[in-house]
There are 2 protein chains.
Amino acid sequence: MTSKADRVRQAVLADILSGAVAPGTPLDEVALAQQHDVSRTPVREALRALQGDGLLEVGPRRQLLVVDVSPERRREVTTLRVALEGAATAAACERRDEDDLDRLELLLLKQGRAAGAGDAETFLRLDEEFHLALAGAARMPTLSRMLEQLGAFVRLGRLGEATTTPHMHGLVGEHEELVSLLRSRRAARLRSALATHIEQTTPRG
Amino acid sequence: MTSKADRVRQAVLADILSGAVAPGTPLDEVALAQQHDVSRTPVREALRALQGDGLLEVGPRRQLLVVDVSPERRREVTTLRVALEGAATAAACERRDEDDLDRLELLLLKQGRAAGAGDAETFLRLDEEFHLALAGAARMPTLSRMLEQLGAFVRLGRLGEATTTPHMHGLVGEHEELVSLLRSRRAARLRSALATHIEQTTPRG
DNA sequence: AGTGACTCAAATGTATACATAAGTCCCTCG
DNA sequence: CGAGGGACTTATGTATACATTTGAGTCACT
């Protein structure tokens with residue numbers, strides 16, 4: 001059931017997150033409509049959805065501009081991730097579902113492989129997936145949704161940086177430690193380790 | 001500049017939060033369009049926006065249904081409020097802007113008046129405003145936005161309850177304590193007092 | 001020469017007509 | 001008599017035409 005509006009939304013989102021359209025760029029409805037060979041209607045819906053996610057903001061002339069993630073905003077996002085993922089893992093310790101642990105272990109394996117291959121792009125994708133899966137173990141859908149939205153800002157904030165991720169192996173080790181702490185239900189220790197991990201992986205955090 | 005889409009959105013939102021349209025009710029575009037004397041276009045935009053806020057969910061036949069806030073969801077929302085407002089007040093302790101404290105004091109006065117008059121409706125509105133102002137002192141716009149969205153769920157979850165708020169004076173006292181802790185920058189104490197306060201004011205939390 | 005208002009252009013906001021898909025009901029066939 | 005299929009109904013999805021608002025540019029007047 002992929003509507004045209006959905007396709008346009010995903011395409012524009014991909015362009016934003018990949019940096020193909022830089023922050024501050026105004027998005028024109030008719031241009032996007034022609035570009036994707038659809039009418040303005042689905043384009044409008046896509047833009048409103050992205051606006052709802054906070055990825056677009058109204059500028060002068062009512063233009064929709066791609067948001068610029070300021071350093072302050074990056075710090076805020078980091079703080080929010082610490083708070084939300086911390087709460088999630090605390091709740092996850094109460095449940096400790098085997099399926100979740102299995103999923104996390106699988107992701108750890110894949111991350112190790114990506115790190116070994118030096119595939120930074122894949123690693124970043126797996127890293128995001130890992131954090132979402134970790135928080136997902138809390139079975140708190142609203143929280144997961146918030147973290148997904150924050151993920152877009154994290155990616156946007158990383159755009160200006162070097163594409164190389166230096167210590168991938170070290171990060172995998174930290175992830176393994178997090179899973180271990182979840183398995184042994186050491187909630188307090190898990191929360192603090194997670195906070196340190198998140199703050200170290202988001203520069204200027 | 002209030003567009004028709006905005007007006008419809010606010011009207012439908014008000015109907016949802018007031019319980020005029022019960023959870024599970026399917027919203028029909030053409031019916032809403034006739035009801036508000038506009039075309040389907042602004043109605044669609046309004047519904048998509050509310051869907052983006054999580055207040056509508058797709059049911060069978062692709063209908064948009066007003067969400068039902070389950071007890072689990074209420075607990076989740078409470079957990080999220082504790083995490084987010086806790087993080088906000090911790091950050092606010094670092095800033096401690098006089099303007100924020102003034103605004104909070106003013107709200108405390110109004111709350112005391114509403115409590116004295118036994119005006120539960122006004123009190124609830126002021127309570128929500130107080131918590132948003134408290135968190136707003138952190139100057140973290142994304143966090144404030146999340147809390148605003150959560151506020152809708154809080155209100156929805158309260159719909160089935162008695163409209164009477166018994167210990168309004170007691171709640172004002174707790175609020176005063178929170179402001180006092182913010183003023184003296186006792187972050188840890190503030191966080192725990194806030195958590196207790198939030199959990200006690202949201203039943204089944 | 002500067003300021004203000006008027007006009008024009010280009011964008012978004014809105015309405016409506018059309019396309020399409022999904023569900024239901026009925027008819028037919030086994 | 002039951003099950004399956006097909007048309008009709010009714011919703012949403014999409015396109016397009018129209019309205020409106022806003023910004024810019026120019027011209028006139030002070």
Side-chain angles (χ1 to χ4, degrees), chain A residues 1-16 20-68 141 145 148-149 152, chain B residues 1-16 20-68 141 145 148-149 152:
Chain A
M1 164 270 174
T2 115
S3 66
K4 295 187 180 182
D6 274 342
R7 280 197 295 273
V8 172
R9 185 185 126 274
Q10 291 184 350
V12 175
L13 176 62
D15 282 347
I16 292 175
V21 302
T25 304
L27 296 183
D28 182 42
E29 289 181 4
V30 295
L32 285 172
Q34 292 174 347
Q35 185 178 331
H36 293 280
D37 198 43
V38 295
S39 76
R40 276 178 55 210
T41 309
V43 172
R44 275 182 73 80
E45 286 205 16
L47 295 182
R48 298 307 259 254
L50 293 172
Q51 187 184 3
D53 287 340
L55 290 171
L56 302 177
E57 59 190 1
V58 291
R61 244 180 126 170
R62 292 189 180 179
Q63 282 179 329
L64 285 180
L65 309 177
V66 177
V67 296
D68 188 21
R145 196 155 166 275
E148 280 178 43
Q149 290 181 192
Chain B
M1 185 271 167
T2 104
S3 67
K4 295 188 180 182
D6 274 342
R7 280 197 295 273
V8 172
R9 186 186 125 274
Q10 290 184 351
V12 175
L13 175 63
D15 283 346
I16 291 175
V21 304
T25 303
L27 296 183
D28 182 41
E29 289 182 4
V30 295
L32 286 172
Q34 291 174 348
Q35 185 178 331
H36 294 279
D37 197 44
V38 296
S39 77
R40 277 179 54 213
T41 307
V43 172
R44 276 181 72 80
E45 286 205 16
L47 294 182
R48 297 306 259 255
L50 293 172
Q51 188 183 1
D53 287 341
L55 290 170
L56 303 176
E57 58 189 1
V58 291
R61 246 181 121 170
R62 294 188 179 179
Q63 282 177 328
L64 284 180
L65 309 176
V66 177
V67 296
D68 189 20
R145 196 154 167 275
E148 280 178 41
Q149 290 181 193

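In the text below, chain A, chain B and the rest are named by the order of the sequence lines, each starting its count at 1. These numbers were taken from a predicted model, which means no experiment stands behind them. Only heavy atoms go into these numbers, but all of them, side chains included; no hydrogens, no water, no symmetry mates.
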Tell me what [X] touches on the nucleic acid: a base, only sugar-phosphate, or nothing, going by heavy atoms under 4.0 Å.
{"X": "B:Gln63", "answer": "nothing"}
{"X": "A:Val30", "answer": "nothing"}
{"X": "B:Glu45", "answer": "nothing"}

Any chance you could lay out the side-chain contact (heavy atoms from CB on, under 4.5 Å) test for A:Leu32 and A:Leu27, step after step, and finish with the verdict? CA-CA 7 Å; A:Leu32 285 172; A:Leu27 296 183; 4.1 Å; yes
Close residues, residues 20-27 of chain B, relative to DNA chain D [heavy-atom separation under 4.0 Å]: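 Output list: B:Leu27.
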Is there a side-chain contact between [X] and the phosphate of [N], meaning an N or O under 4.0 Å from OP1 or OP2?
{"X": "B:Arg40", "N": "C:dT16", "answer": "no"}
{"X": "A:Arg7", "N": "D:dT14", "answer": "no"}
{"X": "A:Arg62", "N": "D:dT22", "answer": "yes"}
{"X": "B:Ser39", "N": "C:dA15", "answer": "yes"}
{"X": "B:Lys4", "N": "D:dT20", "answer": "no"}

Separation of D:dT12 P from B:Leu64 CG (nearest whole Å):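 It works out to 7 Å between those atoms.
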Closest approach to the side chain of A:Ser3, judged atom by atom: which nucleotide of C:dG13, D:dG13, D:dA15 is it?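 The nucleotide sitting nearest to the side chain is D:dG13.
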Taking the basic N atoms (NZ, or NE/NH1/NH2) and the acidic carboxylate oxygens, is any pair closer than 4.0 Å for B:Glu29 and B:Arg44?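 Here B:Glu29 pairs with B:Arg44 in a salt bridge, since their nearest N and O are under 4.0 Å apart.
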